[in-house]
Engineer: 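A single structure is presented below for examination.
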Amino acid sequence: MATGTEPQQNSGGVRARTRAAIAAPHLRTDRWWLAPAVTAAGLLAFVVYSTWRAFAGADYYAAPYVSPFYSPCLAENCRTMRAGPNADLFGGWWGISPAIIILIFPLGFRLTCYYYRKAYYRAFWASPPACAVAEPHRTYTGETRFPLILQNVHRYFFYAALLVAGVLTYDTVLAFRDEHYRWGHMGLGSLVFLANIVLIWAYTLSCHSCRHIVGGKLKHFSRHPVRYRAWRFVGRLNARHMQLAWASLFSVAFADFYVYLVASGVFDDPRFF
């Protein structure tokens, strides 16, 4: 029996006739548009740069450094890296840049990341553009339909991101050699790689999926002290997930750019010892 109090279905969003009749599009007087504009600029800059570098197929290896965009190298057309992550799984038929193979996984991890979803939903789709600012869309289905329902594969990209982070850790260890592959040396590039891998691991482990894997489905933390400590550690990282997302995005691009500068002969890698 209808009582007249049931929620009414409408397709007008916040501008439907059933909502408050406010003439102004919103009541915010601050520069609310600045944050999504900066986010859009930052993400767009990374997309343009990473696309250029991924399709370049050159200047990604300068012994002992290999660009994180090209590691592990899974095609036969890769530069041979002594003791590096060479695995010619794709043989000689793969003619495109080898970076395209591996970048799918870290980019997929970031694309489906909970923070990045918020960032590009607001910056590019205006869904919504900011808190207390109405979005222009008349309907809202969330992530229940194609293609956004594919965001649920984030947890699987997390597993792939762990493997990639492991390979980049190996690359960082190899970076403590000189150009003749002798151990016990450190250059400026070694520190660049070290800073990058620390940020990569911090961002990866601060993921919401990681936090759920570590401490999810536990009814009694007291019975699982190790997992409880791990859950608290991941929780502290998770509180800085946004900052780590941007810091690691910048660091991985900078590490690639550093290798590009050295490989293209712009300058020689300074050696400390």
Side-chain angles (χ1 to χ4, degrees), residues 7 35 39 43 46 68 71-72 74 85 87 89 101-123 127-128 131 140-176 190-253 255:
T39 298
L43 293 177
F46 179 81
S71 183
L74 302 179
L89 299 180
I101 305 174
I102 192 60
L103 277 181
I104 296 174
F105 300 103
L107 288 181
F109 176 60
R110 290 182 182 267
L111 188 66
T112 59
C113 166
Y114 291 109
Y115 165 69
Y116 280 116
R117 293 187 211 179
K118 168 193 169 183
Y120 65 77
Y121 284 0
R122 289 188 170 188
S127 181
C131 293
Y140 176 78
T141 58
E143 297 174 343
T144 61
R145 297 181 182 179
F146 183 84
L148 296 185
I149 195 173
L150 297 178
Q151 301 281 27
N152 292 318
V153 302
H154 177 62
R155 69 191 70 179
Y156 302 108
F157 275 118
F158 168 73
Y159 300 136
L162 287 178
L163 296 177
V164 173
V167 172
L168 297 184
T169 302
Y170 179 68
D171 293 341
T172 302
V173 174
L174 296 182
F176 286 86
S190 307
L191 298 181
V192 171
F193 272 56
L194 183 61
N196 176 57
I197 195 57
V198 169
L199 290 172
I200 289 292
W201 273 114
Y203 166 66
T204 303
L205 296 180
S206 69
C207 170
H208 295 75
S209 293
C210 179
R211 189 166 184 261
H212 175 74
I213 291 171
V214 171
K217 297 184 178 181
L218 290 182
K219 294 183 179 179
H220 305 283
F221 276 123
S222 59
R223 298 180 182 177
H224 305 273
V226 175
R227 289 185 65 182
Y228 175 64
R229 293 190 185 96
W231 179 79
R232 291 193 62 185
F233 171 74
V234 173
R236 286 192 292 269
L237 289 177
N238 183 259
R240 299 289 184 268
H241 195 50
M242 179 185 73
Q243 293 87 340
L244 293 171
W246 281 105
S248 59
L249 192 72
F250 172 79
S251 70
V252 72

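We count residues from 1, following the sequence as given. Below, all heavy atoms of this structure are taken into account, side chains as well, without hydrogens, waters or symmetry copies.
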Engineer: The test is side-chain contact (heavy atoms from CB on, under 4.5 Å); show your working for Thr204 and Phe158 and say whether it passes.
Structural biologist: CA-CA 8 Å; Thr204 303; Phe158 168 73; 3.9 Å; yes

Engineer: Specify the closest pair of heavy atoms between His154 and Thr112, including all atoms of both residues, with the distance to one decimal.
Structural biologist: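 Distance-wise, the nearest heavy atoms are ND1-OG1, 2.8 Å.
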
Engineer: With a 4.5 Å cut-off on side-chain heavy atoms, are Leu237 and Trp201 touching?
Structural biologist: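 A side-chain contact under 4.5 Å is absent here.
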
Engineer: Got a second to check how far Ser206's OG is from Arg211's CZ, nearest 0.5 Å?
Structural biologist: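 Reported to 0.5 Å precision, the distance equals 11.0 Å.
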
Engineer: Please check if the side chain of Ser251 supplies one atom and the backbone of Ser248 the other of a donor-acceptor pair under 3.5 Å.
Structural biologist: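 Confirmed, Ser251 side chain pairs with Ser248 backbone.
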
Engineer: Enter the distance from Met242:CE to Tyr203:OH here, rounded to the nearest 0.5 Å.
Structural biologist: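 OH of Tyr203 is found 13.0 Å from CE of Met242.
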
Engineer: How far apart are the C-alpha atoms of Ser71 and Leu168, what are their side-chain angles, what is the distance that settles it, and do they pass the side-chain contact (heavy atoms from CB on, under 4.5 Å) test?
Structural biologist: CA-CA 7 Å; Ser71 183; Leu168 297 184; 4.2 Å; yes

Engineer: Assert yes or no for the condition that the ring centre distance of His241 to Tyr115 is strictly below 6.0 Å.
Structural biologist: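 Ring centroids of His241 and Tyr115 are no less than 6.0 Å from each other.
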
Engineer: Is the closest side-chain heavy-atom distance between Phe46 and Leu107 below 4.5 Å?
Structural biologist: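 Yes. Closest side-chain heavy atoms under 4.5 Å.
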
Engineer: Kindly compute the distance separating CD1 (Ile197) from OG1 (Thr172), expressed to the nearest 0.5 Å.
Structural biologist: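 Output value for this atom pair is 4.5 Å.
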
Engineer: Which atoms form the tightest heavy-atom contact between Ala202 and Leu244, and what is the distance?
Structural biologist: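 Nearest heavy atoms, Ala202 then Leu244: O-CD1, 3.6 Å.
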
Engineer: Distance check, rounded to the nearest 0.5 Å: Thr169 atom OG1 versus Leu174 atom CG?
Structural biologist: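 Result: 11.0 Å between the selected atoms.
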
Engineer: Heavy atoms only: give me the nearest Ile200-Ala165 pair and the separation to one decimal.
Structural biologist: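 Closest heavy-atom pair between Ile200 and Ala165: CG2-CB, 4.1 Å.
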
Engineer: Restricting to non-hydrogen atoms, name the atom on His224 and the atom on His220 that form the minimum distance, rounded to 0.1 Å.
Structural biologist: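 Taking every non-hydrogen atom into account, CD2-O, 3.3 Å.
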
Engineer: Locate the shortest heavy-atom distance separating Leu148 from Tyr121; write the atom from each residue and the value.
Structural biologist: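 Where Leu148 meets Tyr121 most closely, the heavy atoms are CD2-OH, 3.6 Å.
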
Engineer: Output, in order, the C-alpha distance, side-chain angles, deciding distance and verdict of side-chain contact (heavy atoms from CB on, under 4.5 Å) for Leu249 and Tyr116.
Structural biologist: CA-CA 11 Å; Leu249 192 72; Tyr116 280 116; 3.7 Å; yes

Engineer: Taking all atoms of both residues into account, what is the closest heavy-atom pair of Ala255 and Phe193, and its distance?
Structural biologist: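 Shortest heavy-atom contact: O-CE1, 4.4 Å.
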
Engineer: side-chain contact (heavy atoms from CB on, under 4.5 Å), that's the test. Do Leu218 and Tyr228 meet it? Break it down for me.
Structural biologist: CA-CA 9 Å; Leu218 290 182; Tyr228 175 64; over 6 Å; no

Engineer: Is it the case that more than 12 heavy atoms not belonging to Phe233 sit under 6.0 Å from its CZ atom?
Structural biologist: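 Atom CZ in Phe233 is not crowded, with 12 or fewer foreign heavy atoms closer than 6.0 Å.
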
Engineer: Measuring from Leu162:CG to Ile213:CD1, what's the distance to the nearest 0.5 Å?
Structural biologist: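 Rounded to the nearest 0.5 Å, the CG-CD1 separation comes to 7.5 Å.
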
Engineer: Can you tell me how far apart CZ (Phe157) and SG (Cys207) are? Round to the nearest 0.5 Å.
Structural biologist: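 The SG atom of Cys207 is 12.5 Å from CZ of Phe157, to the nearest 0.5 Å.
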
Engineer: Is there a donor-acceptor pair under 3.5 Å between the side chain of Arg117 and the backbone N or O of Gln151?
Structural biologist: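 Between the backbone of Gln151 and the side chain of Arg117 there is a qualifying donor-acceptor contact (under 3.5 Å).
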
Engineer: Under 6.0 Å from the ring centre and within 45 degrees of the ring axis: does the NZ or CZ of Arg110 meet both conditions for the six-membered ring of Tyr120?
Structural biologist: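 That pair does not qualify as a cation-pi contact.
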
Engineer: Does the plane of the ring in Tyr159 sit parallel, tilted or perpendicular to the ring in Tyr156? Use 30° and 60° as the thresholds.
Structural biologist: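 Tyr159 vs Tyr156 ring planes: perpendicular.
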
